[in-house]
Every structure is written in C-alpha cells, then in structure tokens.
Number of protein chains: 2
Amino acid sequence: MDGYDKYAHEPFAVTVDLAVFTLREGALHVLLVERGQEPYAGRRALPGGFLRPDESAETAARRELAEETGLSDVSGLHLEQLRTYSEPGRDPRMRVVSVAFAALLPDAPEVHGGSDAARADWVPYGTAGPLAFDHDRILADAHDRVGAKFEYTCLATAFCPPEFTLGELQQVYETVWGTELDRPNFRRKVLATPGFVEAVPGAARLTGGRGKPAALYRAGTATALHPPLLRPTREGRPA
Amino acid sequence: MDGYDKYAHEPFAVTVDLAVFTLREGALHVLLVERGQEPYAGRRALPGGFLRPDESAETAARRELAEETGLSDVSGLHLEQLRTYSEPGRDPRMRVVSVAFAALLPDAPEVHGGSDAARADWVPYGTAGPLAFDHDRILADAHDRVGAKFEYTCLATAFCPPEFTLGELQQVYETVWGTELDRPNFRRKVLATPGFVEAVPGAARLTGGRGKPAALYRAGTATALHPPLLRPTREGRPA
DNA sequence: CCTTTTATAGTCGTGCTGACTATAAAAGGG
DNA sequence: CCCTTTTATAGTCAGCACGACTATAAAAGG
C-alpha cells in the first residue's frame, strides 16, 4: 500500500468468476455459460462479470449468482471467496484480474437463460471439456476447496434441502469426494457432532422407494467439525 | 466473465498487501511500514504496492517482499495468497482492490529501510495499534490462516532455520498458537509423521544454554500432516 | 557433588474410528 | 400371505492416536 507516488498505477479491469455447484440426480453439476463471441467463442465458461464501481467483489458475486441462476433470493446461499487470478495474458484482450468464488446450491433450479445474453446450463462436473480462459483451473481449485472444507466444516448441508435424511447427507459427501462411506460409521459420526444436524421431531421421509423410512434432520447451528470428518484412505494429499 | 459488452468496465487500481511474519526472541513479529503522507499519515501499514502491467499478483508480492525486507533471495520463502479485499471506500482516495498475501521468514533480517521511501520495521504482533486502511483486518486474517495451516501442514518449518531442534519447532507452534504444548507428546507426533522432519545424522546443537544438547533436524519433504496436529482445547472454533 | 535444566524414553487410559454383524421396517413378487 | 429385497438403525470389537504423566539421560552452574 506504499509507493503510491513512486510508480504510476496502471488501471486493471476487475471481474468476478463463479463456480456454482449443485447436485442433480446424485451427480455433481456446475453452472456454465456458453460464450457467443471471441475469444473462445462456442466454448463454455464460468459465469461472472465485471465489478461495478460501487460494489465489493462479494456483492458483485452475489448479484451475478442471482442473475445467472434466476433465483430471487440468494441471500442464504453459501458463497465463498476462493482466490484471485491475475496472470498477465489470462485474457487475450486486456489485463483482467478476476476474483473467483465458489457457491453451493441445495436444489438445482432450471436456469432460464438468466438476464445475460448467454445461456447458462447445469453441466455434470468433469464432462465440460476445456473451458475458456483459465476457467478449468479455477473450477478445479473450487472443487478442491469444497472437498477440503467438507472435512472440517458443516458445509455439506448447504447442498441439502431444508429437511433431509442422513442417507442423503451421506450421498452428498460421497458425490463430492468420489468415495464410498460406511453408513453406520457416517451416521455415528454425524450424530456425535453437536450442532451438525438436529432431528425433526416426528417426521420420517416416505421416499416412495423401498426400505425402512428414514428420519428427517435439519442443518444444525454448528459451522465447524471437531474433530474433523476425514476422507478415507488418503495418504500424502498435497496441501 | 460474461457481460463484457453489456456493462462498461470501470478501471480499478490493483495492489498487493503483505503480512510478513517472523519470530524474534520467541515472539511473533510482523513487518510494518510507517506512512509518511495522508491518508493515515504517521500510522503503520502493511507493506505492499501497485501491481505492474506485466506482473501477476504473486510476482508483485514477491518483488515487494524482496524490496521491503532487503533480502536478495526470497525464492524459497513461503508466500501464500490470502484473499482479496475490495470493499468500496477502503481507500478514501480511489477505488483500490488489494490482493493480500501472507509470508513467513525463518530469521529476521534487520530491515534497512528497503528500497521504498518508507521505513519498514519488525513489530511484535498485537502491539502495533490500529493500522491504516483495513490492514488490521487483513493482518488478523493472515494470522488466523497461518495458525490454521499449522494444524494440517508442515508450514511451521518455514519459521525455522535450515537445521533446528524439536524444541525450537515446538516453540514455533506455541508462539503462533499462543498455547503451551506437552513436550513428549509433541515430539512423538512430529517424529511419527513421515516426512515432517528428518534427523541430521551426527549433529547435536550445543546451545550454550543449560541442559542436554538436542538433536538437530531438517525440514522433510512432506507438505501435509495426516492426521493433523490439532490445537489443544478448542471447542467450537469458528470456521 | 549436588541441583537445575533440558532432552528423550516409556506407560497408561480414554476416545475416535474402521470393519463388521445384527435387527427393524418398509416394498415387491410369488 | 409369506418370503425376499432393500434401506435404516443399533451394536460390537480391535487398533490406534492422543492427553496426561513418570522416568531417565546429559549437560551447566554453583
């Protein structure tokens, strides 16, 4: 913050990019737009846009989230700043510094084009082919971050509807981590963590499917997990 | 990244701010500069500066780190992007978006004014009074991040000289966390984690002080800690 | 020589966790 | 209506990591 008068400060364009995740039919999906113009015309990209003069990056990200998903109320959704990407040349047209965010949605509303010209669609994670700009990297970073936060926070409930079964919560973990978990052990761990979930008194989900109906739970008041819920069999994961 | 042609993009000034930590005489110190001009003239601030047109934020941060500390080789030092601060009004003069970094130094070189006009000094953490701009918040966020990363990474060795004793490593943890640790248990945990430290074959530190000389260790090749080395007695720490 | 100080070794119990088995409650098919 | 399948829930058991603690070794200082 020093050197104000020593070096002329060049102006930069500042954008926000959003990695918006949801679960549809047991698979992790990402919200992507299709670019209609060069560069990367026809390629998919993360939704995002320019920061306005009176906005913080967080405000701009939430505005973009509302615009792209078409949701009227995005105030309760989980939105988290990832990091900032500033390599020269990441946009061939001009110098763009982009603040990346990750967002988690419980249910996947059909996106109706949003208010922007470009159509936004839910795409299964990993099937989108190469994205425009450095968005493959941003998306991978976002996925890593979400998976890591699942270990020591209650973030997984952000993917669940207001009331959910422990089986559904376990599927959230399994889908995001790409691993299978032991059901009794998962249950024991979740219920032993105070504030993670709280039981809905008399309710039981009649799933329509086979099997014994499961009890319903709501997200609790806790945000952190002590001790953490670690992923199975991961030796020497990079920091 | 969409909406390029829908909204005019206002230019922003982009800076990097650095929270540089080191340990001096068993206490955590931060590198701070004293501002010579308005706003916040006479107040201390985090070192930093404007992003140049051909630089990424990481490159600019490392350049500023070298300039402010006077170190010729900062390539091996730990430098980590924290987050980006973009609230309107955080700088009263103009719209500034700042990418914050945390850096860790093993030994504390006396800073000789640096190449900038403002003098930089090591200040004990927590004794600096209110800083300029939103730098108190940035500094607190940096300290939180470093403390949290100590739990599940080998980052603590970044505060140590090339060869160190386990007692010194333990002091690093105790200083950053502000808690005391049980020496035999800390020793057992560190040595049981493969790749955390490796013994220097025949060496023992003659500290000059009293007591049995301690064995010397070097930082190992591992970066992550599995399972983590958790802080004692912390129930319900915010995420 | 004895005390103090610091490093290192070892012990013991508790609690979390992974692996596994058992029971309960529903649907579906004969 | 019974029997199988499916899913939820309860319980068991061993291993291990960790906190708390005790014991020994090796130096310096008086």
Side-chain angles (χ1 to χ4, degrees), chain A residues 26 150-152 160 163-174 177 179-217 222 224-235, chain B residues 26 150-152 160 163-174 177 179-217 222 224-235:
Chain A
F150 267 35
E151 291 191 325
Y152 56 95
C160 292
E163 297 190 342
F164 52 88
T165 70
L166 293 186
E168 291 168 347
L169 183 63
Q170 182 177 347
Q171 277 194 4
V172 170
Y173 271 92
E174 291 178 335
W177 282 350
T179 62
E180 296 213 336
L181 301 174
D182 181 82
R183 198 186 298 257
N185 291 341
F186 179 82
R187 175 187 189 75
R188 187 211 324 175
K189 175 69 182 175
V190 170
L191 295 179
T193 304
F196 194 175
V197 298
E198 56 183 38
V200 178
R205 162 91 44 119
L206 285 319
T207 55
R210 288 191 284 266
K212 180 177 174 178
L216 285 180
Y217 294 86
L225 257 46
H226 293 296
L229 174 48
L230 297 175
R231 270 175 275 206
T233 62
R234 31 185 256 308
E235 303 295 323
Chain B
F150 268 34
E151 291 192 325
Y152 56 95
C160 292
E163 298 190 341
F164 53 87
T165 69
L166 293 187
E168 292 168 346
L169 183 62
Q170 181 178 347
Q171 276 193 4
V172 170
Y173 271 93
E174 291 177 334
W177 283 349
T179 62
E180 297 213 335
L181 301 174
D182 180 81
R183 199 186 296 257
N185 290 340
F186 179 82
R187 174 185 190 76
R188 185 216 306 166
K189 173 71 183 175
V190 169
L191 294 179
T193 302
F196 194 174
V197 297
E198 57 182 37
V200 177
R205 163 89 45 115
L206 284 317
T207 54
R210 290 191 282 265
K212 181 177 174 178
L216 285 179
Y217 294 86
L225 256 47
H226 294 295
L229 176 47
L230 298 176
R231 270 176 276 205
T233 62
R234 33 186 252 311
E235 303 294 322

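Order of the sequence lines fixes the chain letters, A, B, ..., with proteins taken first and strands second; residue numbering starts at 1 for each chain.
- Straight-line distance from the CD atom of A:E180 to the P atom of C:dC20: 14 Å, rounded to whole Å.
- For the pair A:Y217 (side chain) and A:L166 (backbone), a donor-acceptor distance under 3.5 Å is absent.
- Between B:E163 and B:L216, the closest heavy-atom pair is OE1-CD1, 3.5 Å.
- The closest donor-acceptor contact from the side chain of A:Q170 to the backbone of A:L181 lies under 3.5 Å.
- B:L181 places its CG atom 16 Å from the C1' atom of D:dC21, with the value rounded to the nearest Å.
- Whole-Å rounding puts the A:F186 CZ to D:dT9 C1' distance at 14 Å.
- Using Watson-Crick or G-U wobble geometry with both donor-acceptor distances under 3.5 Å, D:dA26 finds its partner in C:dT5.
- Closest heavy-atom contact between B:P232 and B:E180: CG-O, 4.3 Å.
- What separates CZ of A:R231 from P of C:dT17 is a distance of 16 Å, to the nearest Å.
- The shortest heavy-atom contact between B:L225 and B:E151 is CD2-O, 3.8 Å.
- One can place OH of B:Y217 at 11 Å from P of C:dA7, the figure rounded to the nearest angstrom.
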Would you list the atom pairs, donor with acceptor, under 3.5 Å between side chains in residues 187-198 of chain A and any protein atom, with sequence neighbours excluded?
{"residue": "A:R188", "atom": "NH2", "partner": "A:N185", "partner atom": "OD1", "Å": "2.6"}
{"residue": "A:K189", "atom": "NZ", "partner": "A:P227", "partner atom": "O", "Å": "2.9"}
{"residue": "A:T193", "atom": "OG1", "partner": "A:K189", "partner atom": "O", "Å": "2.9"}

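- Taking atom CZ on B:R210 and atom C1' on C:dT8, their separation rounds to 19 Å, with Å as the unit.
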- Query: Along nucleotides 10-17 of chain D, 5' to 3', which nucleotides get a B, which get an S, and which get a -, given that the test is a protein heavy-atom distance under 4.0 Å?
  - Reply: BB------
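- Look at CG on B:L169: it is 15 Å from C1' on C:dA7, rounded to the nearest Å.
- Rounded to whole Å, the distance from CZ on B:R183 to C1' on C:dT6 is 6 Å.
- Summary of the strand contacts: B:K212 and B:L229 both lie near DNA chain D, and taking for each the nucleotide with the nearest heavy atom, the more 5' one is attributed to B:L229.
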